[in-house]
Visitor: 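To start, I am sharing the structure in question, which I have written as structure tokens.
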Amino acid sequence: MTDKSALLVVDIQIDFCPGGALSVPRGDEIIPVLNRYIERFHRAGLPIFATRDWHPAKTSHFKAFGGTWPVHCVQGSEGAQFHPGLMLPDNAIIISKGMDPNRDDYSALHGADPNGIPLPEVLREFGIERIFIGGLTTDYCVRESTLEGLRQGFRVTVLTDAVRGVDLKPGDSVRALQEIRAAGADTTTFETLRLY
Ligand code: VGL
Ligand code: ZN
């Protein structure tokens, strides 16, 4: 049990919080919880990645162009900013995702750092073997990033007290958690957190 760990904080952006363009019910409730995880990882000297949904103005992800969602998290817009309550350390690494105008892509593993280096490469450079994932949304980005992380050979732990879902269909988030467990992900809450 010596796998090196990283924290992945997913999409804590104004548009996903109450009052935002694609607000997730009670999405802001997890921010104080995530701040505790962030502090814990930071003090342990472990890297912290913060993803942002970062869409071009025209993308097939949006209803207006054939997709599912209202316009949200457009690159450079106010709604795409991190929620002001999120306390990221200065050395947190920002990962942008969802930039392809022709693809509905939720996985943070398809995102890239400010130098354009894909997240999986950055993780491997850090020697990361286990990713702890919390944030928004349980049924899309958290789900897909977890499944993709497992496929790429990382171990993944989902922070169940620090995720919230959209639930377009009732029960989507519950099903997403069942699915990621069946795929081999671990789950934890802050009280039972064990860093490897
Ligand atoms: C997401 C809905 C729309 C996500 C992104 O990152 O979970 N969900 N765009
Ligand atoms: Zn999006």
Side-chain angles (χ1 to χ4, degrees), residues 4-55 72-98 106-109 111-115 117 119 122-123 125-128 130-146 149 154 156-166 173 177 185-196:
K4 195 178 169 196
S5 301
L7 178 63
L8 188 67
V9 177
V10 172
D11 295 4
I12 302 300
Q13 291 164 278
I14 289 172
D15 271 345
F16 288 124
C17 291
L22 175 36
S23 81
V24 176
R26 297 161 45 225
D28 55 341
E29 281 181 10
I30 61 173
I31 296 173
V33 186
L34 283 167
N35 286 338
R36 293 175 73 193
Y37 281 108
I38 290 167
E39 200 192 338
R40 177 78 183 273
F41 276 73
H42 189 58
R43 269 201 267 128
L46 296 171
I48 296 164
F49 297 87
T51 74
R52 59 181 187 185
D53 211 26
W54 197 242
H55 299 307
H72 64 279
C73 298
V74 172
Q75 293 167 12
S77 68
E78 162 144 26
Q81 306 268 315
F82 288 118
H83 189 286
L86 185 68
M87 298 299 169
L88 290 171
D90 289 343
N91 62 352
I93 297 170
I94 309 301
I95 301 294
S96 302
K97 66 179 187 65
Y106 301 101
S107 174
L109 280 286
D113 78 359
N115 298 315
I117 306 192
L119 177 58
V122 184
L123 292 169
E125 267 171 36
F126 273 93
I128 298 303
R130 179 175 293 269
I131 324 168
F132 290 78
I133 304 184
L136 304 171
T137 61
T138 314
D139 33 357
Y140 290 91
C141 190
V142 171
R143 173 185 173 278
E144 297 220 0
S145 303
T146 299
F154 296 98
V156 181
T157 302
V158 173
L159 311 172
T160 52
D161 54 351
V163 293
R164 290 284 185 275
V166 193
S173 295
L177 288 178
D186 299 306
T187 53
T188 190
T189 61
F190 191 80
E191 277 62 43
T192 54
L193 176 66
R194 187 168 62 99
L195 295 178
Y196 292 83

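Only this structure's heavy atoms are used, side chains among them; waters, hydrogens and symmetry mates stay out. This chain uses plain numbering: 1 for the first residue, then up along the sequence.
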Visitor: About how many Å separate OG of S107 and CG of L119, when rounded to the nearest 0.5 Å?
Guide: 8.0 Å
Visitor: Measure the spacing between CG of L159 and CG of L8 and express it to the nearest 0.5 Å.
Guide: 9.5 Å
Visitor: Do you know the tightest heavy-atom contact between P47 and S5?
Guide: CD-O, 3.6 Å
Visitor: Please tell me if the side chains of L195 and L46 come closer than 4.5 Å, counting only heavy atoms from C-beta onward.
Guide: yes
Visitor: Is the closest side-chain heavy-atom distance between R143 and T138 below 4.5 Å?
Guide: no
Visitor: How close do E144 and Y106 get, counting heavy atoms only, and between which atoms?
Guide: OE2-CD1, 3.7 Å
Visitor: Only pairs at least two apart or in different chains count here, so list each side chain to side chain donor-acceptor pair (under 3.5 Å) that has a residue in residues 79-91.
Guide: none
Visitor: Looking at every non-hydrogen atom in both residues, tell me the closest pair between L88 and A50 and how far apart they are.
Guide: CD1-CB, 3.7 Å
Visitor: So, do V122 and N115 sit near enough that their side-chain heavy atoms are less than 4.5 Å apart?
Guide: no
Visitor: So which atom in V163 and which in I133 form the shortest heavy-atom distance, rounded to 0.1 Å?
Guide: CG1-O, 4.3 Å
Visitor: Can you tell me how far CD1 of I38 sits from CG of L7, rounded to the nearest 0.5 angstrom?
Guide: 6.5 Å
Visitor: Yes or no on side-chain contact (heavy atoms from CB on, under 4.5 Å) for R40 and L193, after CA distance, side-chain angles and deciding distance?
Guide: CA-CA 10 Å; R40 177 78 183 273; L193 176 66; 3.6 Å; yes
Visitor: Tell me if a side-chain donor or acceptor on D139 pairs with a main-chain N or O of G165 at a distance below 3.5 Å.
Guide: no
Visitor: Walk me through whether I94 and F82 qualify under side-chain contact (heavy atoms from CB on, under 4.5 Å).
Guide: CA-CA 10 Å; I94 309 301; F82 288 118; 3.6 Å; yes
Visitor: In sequence, state the C-alpha distance, the side-chain angles, and the governing distance for R36 and E39, and then conclude on salt bridge (charged side-chain N to carboxylate O under 4.0 Å, His left out).
Guide: CA-CA 5 Å; R36 293 175 73 193; E39 200 192 338; over 6 Å; no
Visitor: For a quick test of reading the model, state the closest non-hydrogen atom pair linking L34 to A162 and the distance between them.
Guide: CD2-CB, 3.7 Å
Visitor: With side chain to side chain donor-acceptor pair (under 3.5 Å) as the rule and sequence neighbours excluded, what pairs involving residues 10-20 come up?
Guide: D11-T51, D11-K97
Visitor: Any sub-3.5 Å donor-acceptor pair from H55's side-chain atoms to G98's backbone N or O?
Guide: yes
Visitor: Where is the tightest heavy-atom contact between S23 and P18, given as atom of each residue plus distance?
Guide: CB-CA, 3.8 Å
Visitor: Just wondering, do V142 and L136 contact through their side chains at under 4.5 Å, heavy atoms?
Guide: no
Visitor: Is there a donor-acceptor pair closer than 3.5 Å between any side-chain N or O of D161 and the backbone N or O of F190?
Guide: yes
Visitor: Within the structure provided, determine whether C17 and V24 are in side-chain contact (heavy-atom separation under 4.5 Å).
Guide: no
Visitor: Hey, mind stepping through D186 and V156 against side-chain contact (heavy atoms from CB on, under 4.5 Å) and telling me if it holds?
Guide: CA-CA 6 Å; D186 299 306; V156 181; over 6 Å; no
Visitor: Do you see a donor-acceptor pair shorter than 3.5 Å between the side chains of R130 and T157?
Guide: yes
Visitor: Does CD in E125 sit with more than 12 non-hydrogen atoms of other residues, nucleotides or ligands closer than 6.0 Å?
Guide: yes
Visitor: Applying side-chain contact (heavy atoms from CB on, under 4.5 Å) to N35 and L86, what does each step give before you reach the verdict?
Guide: CA-CA 6 Å; N35 286 338; L86 185 68; 3.8 Å; yes
Visitor: Keeping S145 on the side-chain end and A108 on the backbone end, is there a donor-acceptor pair under 3.5 Å?
Guide: yes
Visitor: In Å, rounded to the nearest 0.5 Å, how long is the span from SG of C141 to CG of D53?
Guide: 7.0 Å
Visitor: Find the distance between CE (M87) and CD1 (I12) and round it off to the nearest 0.5 Å.
Guide: 13.0 Å
Visitor: Atom CD1 in I93, atom CG in D113: separation rounded to 0.5 Å?
Guide: 7.0 Å
Visitor: Determine which pairs satisfy ring-ring contact (aromatic ring centres under 6.0 Å, His included) with at least one residue from residues 5-35, sequence neighbours left out, and list them in order.
Guide: F16-H72
